[in-house]
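Here the structure is a predicted model, which means the values were calculated and not measured.
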Amino acid sequence: QLQLVESGGGLVQPGGSLRLSCAASGFTLDYYAIGWFRQAPGKAREGVSCISSSDGSTYYADSVKGRFTISRDNAKNTVYLQMNSLKPEDTAVYYCAADPFCSDYASEYDYWGQGTQVTVSS
């Protein structure tokens, strides 16, 4: 069974850091691009970052550029999202998703995790 599982969310103060993990089971991440999306209450799901399968190219939303870093460890079948300098507006449920190619559109992705809550608050 193909499955993605996110972990690493939690409560952090503004300016703090978290590292999210997206672990795959039932398939090999090597052949998939992995995107991170987030959804805040009452808002649409938005793309945050993506890492390609082919050459490891990375993409970031303007709102997180310079603060978030996406990486992959194919040996562990896991993708990470390092989030630094967190702001209250980063508060959302964060999801990882898999597809052959990176896309800004959530509808393009075939497989999704269950999400992990990130709350940035003092």
Side-chain angles (χ1 to χ4, degrees):
Q1 183 178 358
L2 281 66
Q3 193 174 13
L4 293 170
V5 178
E6 302 96 336
S7 61
L11 173 64
V12 64
Q13 292 187 341
S17 298
L18 284 174
R19 188 178 79 158
L20 305 184
S21 299
C22 173
S25 61
F27 68 107
T28 303
L29 280 183
D30 301 36
Y31 306 110
Y32 287 86
I34 300 298
W36 282 97
F37 289 78
R38 66 186 181 187
Q39 188 164 20
K43 294 189 176 180
R45 191 168 295 191
E46 64 170 343
V48 174
S49 183
C50 188
I51 186 165
S52 72
S53 61
S54 55
D55 59 2
S57 296
T58 57
Y59 306 91
Y60 298 94
D62 287 343
S63 58
V64 306
K65 272 180 188 174
R67 300 188 298 122
F68 290 11
T69 303
I70 191 170
S71 61
R72 65 193 305 154
D73 186 338
N74 288 341
K76 294 184 178 179
N77 221 24
T78 300
V79 169
Y80 304 98
L81 186 68
Q82 177 67 43
M83 305 187 298
N84 298 328
S85 302
L86 283 161
K87 305 175 181 180
E89 51 263 44
D90 294 318
T91 296
V93 178
Y94 283 70
Y95 302 88
C96 65
D99 191 74
F101 305 101
C102 281
S103 172
D104 291 337
Y105 301 102
S107 59
E108 297 283 329
Y109 287 78
D110 296 327
Y111 307 108
W112 288 83
Q114 82 291 348
T116 185
Q117 176 70 48
V118 171
T119 302
V120 184
S121 175
S122 55

Heavy-atom closest pair, residues Q117 and V93
OE1-CG2, 3.2 Å
Candidate pair T28 and D30, rule side chain to side chain donor-acceptor pair (under 3.5 Å), full reasoning:
CA-CA 5 Å; T28 303; D30 301 36; 5.2 Å; no
Qualifying residues under salt bridge (charged side-chain N to carboxylate O under 4.0 Å, His left out), relative to D110, sequence neighbours excluded
none
May I ask you to test the Y80-S71 pair for a side-chain heavy-atom distance under 4.5 Å?
yes
Taking the side chain as C-beta and beyond, is there a heavy-atom pair between P88 and P14 under 4.5 Å?
yes
Look up atom OG1 in T58 and atom NZ in K65, then write down how far apart they are to the nearest 0.5 Å.
10.0 Å
For residues 84-93, the side chain to side chain donor-acceptor pair (under 3.5 Å) pairs (sequence neighbours left out) are S17-N84, R38-D90, R67-D90, Q82-N84
State whether the number of non-hydrogen atoms from other residues, nucleotides or ligands found under 6.0 Å of D104 atom CG is greater than 12.
no
For T116, what residues pass the side-chain hydrogen bond (donor to acceptor under 3.5 Å, both in side chains) criterion, not counting sequence neighbours?
none
Under the ring-ring contact (aromatic ring centres under 6.0 Å, His included) test, residues paired with F27 that sit two or more places apart:
Y32, Y111
Would a 4.5 Å heavy-atom cut-off, applied to side chains only, mark E6 and L20 as touching?
no
When every non-hydrogen atom of C22 is compared with those of L29, the smallest separation belongs to O-CD1, 4.2 Å
Looking only at heavy atoms, what is the nearest atom pair of A61 and G47, with distance?
CB-O, 3.5 Å
Could you identify which residues cluster with L11, counting Ile, Leu, Val, Met, Phe, Trp and Tyr as linked when any side-chain heavy atoms lie under 4.5 Å apart, either directly or through a chain of such contacts?
none
Which heavy atom of S52 sits nearest a heavy atom of A33, and at what distance?
CA-CB, 4.0 Å
Point-to-point distance, once rounded to the nearest 0.5 Å, from OG of S57 to CD1 of I70:
11.5 Å
I'd like to check Y95 versus L4 (side-chain heavy atoms, cut-off strictly below 4.5 Å). Are they in contact?
no
Pairs where residues 37-75 contributes a residue and the test ring-ring contact (aromatic ring centres under 6.0 Å, His included) is met, not counting sequence neighbours
F37-Y109, F37-W112
Taken to the nearest 0.5 Å, the spacing of L81 CG from Y94 OH works out to 7.5 Å
Heavy-atom side-chain contact between C96 and V79 under 4.5 Å
no
Nearest heavy-atom approach of R45 to A106 is CD-CB, 4.5 Å
